[in-house]
Trainee: 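Have a look at the structure that comes next, please.
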There are 2 protein chains.
Amino acid sequence: MERPSRPGPSERAVPGHDAPWLDADEQRAWRAYLRMQGRLAATLNRQLQIESGLSLADYEVLVHLTDTPEARLRPYELQWALQWEQSRLSHHLTRMRRRGLVEREECSDDGRGAFVVLTEKGRQAITAAAPGHVGVVRRFFFDGLSREEVALLERLATRILGRLDDADGEPGDDAG
Amino acid sequence: MERPSRPGPSERAVPGHDAPWLDADEQRAWRAYLRMQGRLAATLNRQLQIESGLSLADYEVLVHLTDTPEARLRPYELQWALQWEQSRLSHHLTRMRRRGLVEREECSDDGRGAFVVLTEKGRQAITAAAPGHVGVVRRFFFDGLSREEVALLERLATRILGRLDDADGEPGDDAG
DNA sequence: GCAACATACATGACGCGTCATTTATTTCAC
DNA sequence: GTGAAATAAATGACGCGTCATGTATGTTGC
């Protein structure tokens, strides 16, 4: 979705600030990525919603809770695991609490904090949702990829995540 | 609605399992993808918002308009290009119109329809926003990838997109 | 022991995205 | 032509996500 490509060669070796536009290859890749990501997320959300009444966000929260021995976590732990904004998590937990998927429990060690506890209803919800959801993930995503491609994809995602993490502390965030 | 875990042709046959759960490699890749995608989208949105007052959605609409000779498109053309839901596009165009980024123009050929026209303000907005935005896309995304990886990524995204498209017309999507 | 600061979490406002529905027009069968 | 169905687009309701801010508790320097 970038602007006109530079007519230039396919060699892009320009470090950072210098190259304003994406070349033709990059543009195609970027557009394909954006479209794929948007459609995939929409598909996963819709399927989860229809079959289980959960959103993808709900699902991820519940997954992390069920991954935990006591099925309870401090919000800041969930925040770290999900890489969400704090207020997003807070709002979302409020809504999930309202629907009975999780409960809030006071934290004796730290008066400021709390625990998010999985309810029985929450456990049943994700138990019922998981097979269908994983089926769709597999159908649209993994069934189209070889194991090598899956491995490469993980490496790329991790690398880009690292770049995003690196930028978090730095002051010179300018790009223009 | 819970579905019986009947092993249909669309779900992978898993030896010895009712539920087609992801194996360890797939799970790591999937979580890495989800985290990367979420963080990257948040970063791009934030930078665009701060530097230009645009969202990524605004940006994509404006890109498609500027890609057009007359800088005007029918909403259904935009919808096809963006692969958005119709009501999302309609709502978004309403908001962009309110902000003066686009205008609505009646369509003489088809009384039901309209044209979305780029305004001067809209053109200035994307012109101002583009270098910074592309800089961030490059910084976090393409600078971390080799040309081979970019090419592969495009292929994977296109392939997955194809699977999503294929499923659109089929009735046997779910519903056991 | 107290001011200054940091941390954990909540909240209100507001823009965004989806679903369901509505309106207006066009197309097509007959 | 007339009625049925398809198409273009808008709208209201409602949940989601971000920003800015608020509140309570913990920590630290002195």
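Chain naming here is simple, since letters A, B, ... match the order of the sequence lines and numbering starts at 1 in each. We use all heavy atoms of the structure for the numbers below, so side chains are in, but hydrogens, waters and symmetry mates are not. Keep in mind that this is a model prediction, so the values were computed, not measured.
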Trainee: If you take any heavy atom closer than 4.0 Å to DNA chain C, which residues from residues 105-126 of chain A end up in contact?
Mentor: R112(A), G113(A), A114(A)
Trainee: Between R72(A) and E105(A), does the salt bridge (charged side-chain N to carboxylate O under 4.0 Å, His left out) criterion hold? Intermediate values first, please.
Mentor: CA-CA 9 Å; R72(A) 47 185 241 153; E105(A) 190 179 303; 2.3 Å; yes
Trainee: Hey, which sits more toward the 5' end of DNA chain C by its nearest nucleotide, A42(A) or T94(A)?
Mentor: T94(A)
Trainee: Identify whether any heavy atom of R98(A) sits under 4.0 Å from a base atom; if not, whether one sits that close to sugar-phosphate; answer base, sugar-phosphate or nothing.
Mentor: nothing
Trainee: Roughly how far, to the nearest 0.5 Å, is CG of D166(B) from CZ of F140(A)?
Mentor: 9.0 Å
Trainee: Starting at the 5' end of DNA chain C and moving along, which residue's nearest nucleotide shows up first, R88(B) or L93(A)?
Mentor: L93(A)
Trainee: Pick the closest DNA chain D nucleotide for E85(A) and for D58(A) by heavy atoms, then say which residue is nearer the 5' end.
Mentor: D58(A)
Trainee: CG/L54(B) to CE/M96(B) distance, rounded to the nearest 0.5 angstrom?
Mentor: 7.5 Å
Trainee: Which of residues 73-83 of chain A have a heavy atom under 4.0 Å from DNA chain C?
Mentor: R74(A), P75(A), Y76(A)
Trainee: Could you tell me the separation between the NE2 atom of H91(B) and the P atom of dC19(C), rounded to a whole number of Å?
Mentor: 12 Å
Trainee: State yes or no: do L62(B) and V117(B) share one hydrophobic cluster built from I, L, V, M, F, W and Y residues joined by side-chain heavy-atom distances below 4.5 Å, directly or via other members?
Mentor: no
Trainee: Are R35(A) and W84(B) in a cation-pi contact, defined as NZ or CZ under 6.0 Å from the six-membered ring centre and within 45° of the axis?
Mentor: no
Trainee: If you go through the side-chain atoms of S90(A), does one of them form a donor-acceptor pair with the base of dC9(C) closer than 3.5 Å?
Mentor: no
Trainee: If you take all heavy atoms of L40(A) and L164(B), which pair is closest and at what distance?
Mentor: N-CD1, 3.8 Å
Trainee: Give, for atom CD1 of I160(A) and atom CZ of R39(B), the distance between the pair rounded to the nearest 0.5 Å.
Mentor: 12.0 Å
Trainee: Kindly assign one of parallel, tilted or perpendicular to the pair H133(A) and Y59(A), based on the angle between their ring planes and the thresholds 30° and 60°.
Mentor: tilted
Trainee: Quick check: are there more than 12 heavy atoms from other residues, nucleotides or ligands sitting under 6.0 Å from CD of E70(A)?
Mentor: no
Trainee: For a quick check of understanding: with a heavy-atom distance under 4.0 Å over all strands, which category does Q86(A) fall into, base, sugar-phosphate or nothing?
Mentor: base
Trainee: To the nearest 0.5 Å, what is the distance between CZ (R163(A)) and OG1 (T158(A))?
Mentor: 13.5 Å
Trainee: Does a donor on one side chain sit under 3.5 Å from an acceptor on the other, for S87(B) and E85(B)?
Mentor: no
Trainee: Under a criterion of less than 4.0 angstrom to any heavy atom of chain B, what are the 5'-terminal and 3'-terminal contacting nucleotides of DNA chain D?
Mentor: dT7(D) to dC19(D)
